[in-house]
Amino acid sequence: MKLPVRTYAVTGASGQLGRLAVLELVHRGVPASDLVAVVRTPGKAADLAERGVQVREADYSCPRSLAVALAGVDRLLLVSSSEPGRRVAHHTNVIDAARSAGTSRIVYTSMLNADDTTNPLAGEHQDTERVLREAGVPFTLLRNGWYTENYTGQLDEYLRRGEILGAAGAGRISAATRQDYAAAAVTALLQDEPGDRSYELGGSAFDLAELARVTSQVTGTSVVYRDLPVEEYTSSLRQAGLNQGSAEFVAALDASVAHGDLATGSQDLARLLGRPATPLAEAVRAAVR
Ligand SMILES: NC(=O)c1ccc[n+]([C@@H]2O[C@H](COP(=O)([O-])OP(=O)(O)OC[C@H]3O[C@@H](n4cnc5c(N)ncnc54)[C@H](OP(=O)(O)O)[C@@H]3O)[C@@H](O)[C@H]2O)c1
């Protein structure tokens, strides 16, 4: 496919999702020189600069730096900030800078089921979606579910304990890999579509008992899921070294899973990918490697 000449920018490009999105854009044939990697710490994006990507320094909390970084950008992938409590201010600064730069579309990584969720992280995404609606720039919402890596990143711990602890009950989780979300984000960024769009993105759903079964099958080590009441799970997290606030927060995330907030029957991810999302077993296998 011949791509029109446009400048694409990705924020958080030194982070895990943003970096994958930049590399995916290159993979799809966008010339590196038409890509802007917006980063707080340019040293972390030296490899992208070596590929010819324009690495521009900006901090979400500094409007002036964002105005310079987003100059001339046609389409922007705004990867949500990783600083809870400051995200709405951060995102508002980026959206304001993009509007002033004449950016024609902002693609934002929101949260699955953002309209109707009890997830404690949702408020800042809902507020950011509101800011986008009021900004007057066409936008695409990528309402991402959990990353599979939230779980596979704890594989060593699961294998060491022989169990997965949680308070998620039988809540289903339509998780997908960061690579899948990045590829879907790139499709959304490259495609021409009129007006505003919203995608509910997730892979095939599993619960934590199924995660334990798949982990056992793939690794050959028996792992079971032990479901705890929220208070007990909070105490176990305290014993593992988390402070009270963090333990309560992590347990509240599981309560949100139990409530069904992280599940979706939407096929939007597979449609944007043009294939099914990466299966859980494959993601566990990759983590083992
Ligand atoms: N769906 C999920 O399961 C899930 C899980 C975790 C997070 N998230 C959300 O998804 C986002 C992307 O995930 P990820 O795994 O790529 O996270 P990540 O690896 O932590 O990357 C976050 C990126 O945000 C940048 N950043 C943070 N504060 C900034 C600031 N003030 N100014 C400019 N850049 C700033 C970081 O820059 P530095 O490299 O300089 O720190 C980094 O590049 C996260 O930020 C979070 O909002 C989703």
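The shown structure was predicted, so the numbers you read here are calculated from the model rather than taken from an experiment. Both counts, for ligands and for their atoms, begin at 1 and track the order of listing.
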For Arg64, does the CZ atom have more than 12 heavy-atom neighbours from other residues, nucleotides or ligands under 6.0 Å away?
no
Does Glu282 pair with Arg285 as a salt bridge, N-O distance under 4.0 Å?
no
Name all pairs fulfilling the ring pair (Phe, Tyr, Trp, His ring centres under 6.0 Å) condition that reach into residues 213-264, sequence neighbours left out, sorted by first residue then second.
none
More than 12 heavy atoms from other groups under 6.0 Å of CZ on Arg51
no
Check the pair Arg143, Asp268 against salt bridge (charged side-chain N to carboxylate O under 4.0 Å, His left out), reporting the backbone distance first and the verdict last.
CA-CA 10 Å; Arg143 290 177 164 176; Asp268 285 350; over 6 Å; no
Under-4.0 Å salt bridge between Asp192 and Arg75:
yes
Show me, by chain and number, every protein residue that has a heavy-atom distance under 4.0 Å to ligand 1.
Gly12, Ser14, Gly15, Gln16, Leu17, Arg40, Thr41, Lys44, Ala58, Asp59, Tyr60, Val79, Ser80, Ser81, Ser82, Glu83, Arg87, His90, Gly145, Trp146, Tyr147, Asn150, Arg178
